[in-house]
A.B. asks: 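First the structure, then my questions, so here it is.
The chains referred to below are lettered A, B, ... by the order of the sequence lines, with proteins before strands, and numbering in each begins at 1.
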Number of protein chains: 2
Amino acid sequence: MTAPLRRVTQRDIARMAGVSQATVSLVLNNRTDAEVRIAPETRDRVLRVIAETGYAADPVARRLASRFNRIIGVFTYEPAFPSGSRDFFHPFLLGIEEYAERVGCDLLLFTSAPVVDGRRRIFHQDNRLRLADGCILLGREIDGAELQRLNGDGYPYVAVGRRNDAGGPVPYVGADYASAVSRLVEAALRHGHRRLTYVGMGMTAESSQDRRQGFDAAATTAESARQVSTAPGAADATLDDLLADGSTAAFVEDFATAVALAAAARRRGLTVPGDLSIVTLGDPTVPVPTDIVFTGFRIPREEMGRQSVEVLTGVIDGSAGGLQQRLLPCELVEGSTLGTPDPAVDRR
Amino acid sequence: MTAPLRRVTQRDIARMAGVSQATVSLVLNNRTDAEVRIAPETRDRVLRVIAETGYAADPVARRLASRFNRIIGVFTYEPAFPSGSRDFFHPFLLGIEEYAERVGCDLLLFTSAPVVDGRRRIFHQDNRLRLADGCILLGREIDGAELQRLNGDGYPYVAVGRRNDAGGPVPYVGADYASAVSRLVEAALRHGHRRLTYVGMGMTAESSQDRRQGFDAAATTAESARQVSTAPGAADATLDDLLADGSTAAFVEDFATAVALAAAARRRGLTVPGDLSIVTLGDPTVPVPTDIVFTGFRIPREEMGRQSVEVLTGVIDGSAGGLQQRLLPCELVEGSTLGTPDPAVDRR
DNA sequence: TCGCCGCGCTAATACGTATTAGCATCTATG
DNA sequence: CATAGATGCTAATACGTATTAGCGCGGCGA
């Protein structure tokens, strides 16, 4: 066994090269300012010793002395990850990783954050946020109080997904749900649908607000446009409700609900989209097997991940000017579940 | 805008509580040794100020001063990730994350490591390994020279997957491919197969060595047991070769190759497993659509991830005794592609 | 000869925490 | 009343790097 060998430090290098520790640091950082001059032969000598010893600067000390780490924190807000939820977040992480690699940053996943009252907390006993230069916040719902605290502390961060102000504007990279939903509503109206229903999950998250707002904004010319709430497993009741209302198109917030609704309709001998059009408003958050291609839209998750890193690095080094809020467009999916309503019956 | 506000430090807390910085540190770390005593009322006063200010110790300074970080590094060795390869690695990461969460560690992904000559390098200009207390190495092939350097530096690490010695034994958590392949060979022999072929990819990785070794060890009683190499897209040539040899069972290293081989057999009107049994030796490394359930085994990837963290934490704090090398058993998959060879023909 | 300036480097200090030796102060004991 | 021991805290230092003020030296002009 080798002895518990001490790290090679700049002092060691300095001694070997016959210079001071400061000189080593200057050479290492390639400082060539007018203020600082190192003779080429000295520089070479130091570099040679560095190469021989395989010395590498301790990033921790570096971070303590200077300001930056080149570490980007990733805080995943979802409580105790059901494995399906992970699949939903994975694309964000891919994008984040890709861009982090491009700008030469490492990624710190705050897996140590404890879960209190069913949700992870950023701020707790042994808060480790400052390990990173800044942080990306990922999660369906983010605690406004914590955002406020981040703003107050002046800690650089960016949320993935639009967020309401919290003691100041929140930097984010979100998806433009409102306009995507609006475009789907307009498509339904062009198909001749007159009675529309938004089937939500009773969520208060901004992502949900935006979808509902997009629905309302575009549905003004419909004969009827209403919003209802459903729950997992209540597909049959929801279907009853749609039929009773005479709705011909359902705009379903949750992908799994859409699948269940389509299955319920089939069981009753109804056709989709003939008897009922079903539009989905986003990618599955849990894996749901289905062979139907639903009409709806796709959340640009990888791109959101990439751009969140881009925005964050701007916030960190202050190069970003004012407000850092971006909404990316969602790509519509031409599926088979939005069609012309069957004129033969008025099921009311 | 708030001014670029300075971080709250222990000195600030100390001033507010009317004690010294050292006292704050002692209170914070709950030091109650016989050597160190703090009056309960002092302790309370300090704790109250800490709570009021929301102070959190700077982990960087902490790391510099003491020895540990509670950060576990993850180095993914594969070059420039094809997205399919990511799917293969994802389960490992899930396991790693799960266990890291349990022991209260954060995870640092070394995304900044540069790719040189088509592979990522641990050691380079601005090596950041020391940000973490230790590191998990992930990848099909790992550079022996780098392992050697890690061993030489005394840096705590663990490889996922068995590794040959590199200037000393390498700590790892691997899958017991050899025994899994042996059991499959034995099953084939029990089914009456006498001529077996191992279809490899010509790889030198340890994972490949182990499989071949397991094959050879169990196939001694076969009439013929040989190894051939194939390549992506060469399924037809490989099938020709198998038929010419009179092999009735193919043990296929790469999942995608197995799928291609089965498809080629079908195209020629051969049945699987009637005319040819096909056994797969591990999970797909790239996503391959197939509706066949292949006989083979499953790599316990999540468990490998979990246990690698467990081993690493042991190596870091020195609590682990001697050699840290684990091989986990692979679960056999009872598929439909291994059967009794059709006795009607001898296709040689 | 003196003063000045540019060059090449170093000494000193800061970053924020953990640790340890040791200084007062108080209590118990003979 | 002197002394020993326990108690509660602090001063000093270390960790490894980055930064900056400034020192010594040689050359050059006056």
A.B. asks: Inspect the contact between Arg128(B) and Asp106(A) and indicate whether a charged nitrogen and a carboxylate oxygen are less than 4.0 angstrom apart.
C.D. replies: yes

A.B. asks: Set out, in order, the CA-CA distance, both residues' side-chain angles and the distance that settles side-chain contact (heavy atoms from CB on, under 4.5 Å) for Phe88(A) and Arg140(A), then state yes or no.
C.D. replies: CA-CA 11 Å; Phe88(A) 182 73; Arg140(A) 196 168 312 285; 3.8 Å; yes

A.B. asks: In whole Å, I'd like the distance from the CG atom of Asn29(A) to the P atom of dG16(D).
C.D. replies: 17 Å

A.B. asks: Could you tell me the separation between the CG atom of Leu28(B) and the C1' atom of dT19(C), rounded to a whole number of Å?
C.D. replies: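 To the nearest whole Å, that distance equals 14 Å.
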
A.B. asks: When the distance from CZ of Arg130(B) to P of dG16(D) is rounded to whole Å, what number comes out?
C.D. replies: 10 Å

A.B. asks: To the nearest angstrom, how far is Arg63(B) atom CZ from dA14(D) atom C1'?
C.D. replies: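 Going from CZ in Arg63(B) over to C1' in dA14(D) covers 15 Å.
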
A.B. asks: For a quick test of your reading: what N or O donor-acceptor pairs under 3.5 Å do the side chains of residues 46-53 of chain B make, sequence neighbours left out?
C.D. replies:
residue, atom, partner, partner atom, Å
Thr53(B), OG1, Val49(B), O, 3.0
Thr53(B), OG1, Ile50(B), O, 3.2
Thr53(B), OG1, Tyr55(B), N, 3.3

A.B. asks: Carefully, step by step, assess Ile136(B) and Ile72(B) under the rule side-chain contact (heavy atoms from CB on, under 4.5 Å).
C.D. replies: CA-CA 7 Å; Ile136(B) 295 177; Ile72(B) 291 179; 4.1 Å; yes

A.B. asks: Give a yes or no on whether a salt bridge exists between Arg162(A) and Glu206(A), defined as a side-chain N under 4.0 angstrom from a carboxylate O.
C.D. replies: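 Salt bridge between Arg162(A) and Glu206(A), a charged N being under 4.0 Å from a carboxylate O: no.
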
A.B. asks: Decide side-chain contact (heavy atoms from CB on, under 4.5 Å) for Tyr157(A) and Leu137(A); before the verdict, give the C-alpha distance in whole Å, the side-chain angles of both, and the deciding distance to 0.1 Å.
C.D. replies: CA-CA 7 Å; Tyr157(A) 74 98; Leu137(A) 264 33; 3.8 Å; yes

A.B. asks: Side-chain N or O of Arg62(B) less than 4.0 angstrom from OP1 or OP2 on dA18(C)?
C.D. replies: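 So the side-chain polar atoms of Arg62(B) do come within 4.0 Å of the phosphate oxygens OP1 or OP2 of dA18(C), strictly under.
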
A.B. asks: May I have the distance from Gln10(A) (atom CD) to dC15(D) (atom P), rounded to whole angstrom?
C.D. replies: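 Spelled out: CD on Gln10(A) to P on dC15(D) is 14 Å.
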
A.B. asks: For Ser25(A) and Ser66(B), find the nucleotide of DNA chain D closest to each by heavy atoms; which residue's nucleotide sits nearer the 5' end?
C.D. replies: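 Its nearest nucleotide being more 5', the pick is Ser66(B).
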
A.B. asks: Could Arg45(B) and Glu41(B) be called an ion pair, given the rule that one side-chain N must be under 4.0 Å from one carboxylate O?
C.D. replies: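 No, Arg45(B) and Glu41(B) are not salt-bridged.
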
A.B. asks: Looking only at side-chain N and O atoms, does Tyr55(B) come under 4.0 Å of OP1 or OP2 in dG16(C)?
C.D. replies: no

A.B. asks: Using a strict 4.0 Å threshold on nitrogen-to-oxygen distance, state whether Glu310(A) and Arg306(A) make a salt bridge.
C.D. replies: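 A salt bridge is absent here (no side-chain N lies under 4.0 Å from a carboxylate O).
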
A.B. asks: At 4.0 Å (heavy atoms only), tell me whether Arg31(B) reaches a base, stays on the sugar-phosphate, or touches nothing.
C.D. replies: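 If one applies the 4.0 Å heavy-atom cut-off, Arg31(B) turns out to touch the sugar-phosphate alone, with no base involved.
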
A.B. asks: Rounded off to whole Å, could you give me the CZ-to-P distance for the Arg11(A) and dT17(D) pair?
C.D. replies: 10 Å

A.B. asks: Take nucleotides 7-13 of chain D nucleotide by nucleotide from the 5' end and write B, S or -, depending on whether a protein heavy atom sits under 4.0 Å from the base, only from the sugar-phosphate, or from neither.
C.D. replies: BBBBB--

A.B. asks: In whole Å, what is the span from the CG atom of Leu131(B) to the P atom of dG16(D)?
C.D. replies: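 The distance from CG of Leu131(B) to P of dG16(D) comes to 15 Å, rounded to the nearest Å.
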
A.B. asks: What is the distance from CZ of Arg128(B) to C1' of dT17(D), rounded to the nearest Å?
C.D. replies: 14 Å

A.B. asks: Quick one: bend of the helix from dT1(C)-dA30(D) to dG30(C)-dC1(D) from 5 pairs per end, to 10°?
C.D. replies: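 Nearest ten degrees gives 70° for this helix.
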
A.B. asks: Establish, for the pair Arg301(A) and Phe89(A), whether the NZ or CZ atom is under 6.0 angstrom from the six-membered ring centre and no further than 45 degrees off its axis.
C.D. replies: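 So Arg301(A) doesn't make the cation-pi contact.
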
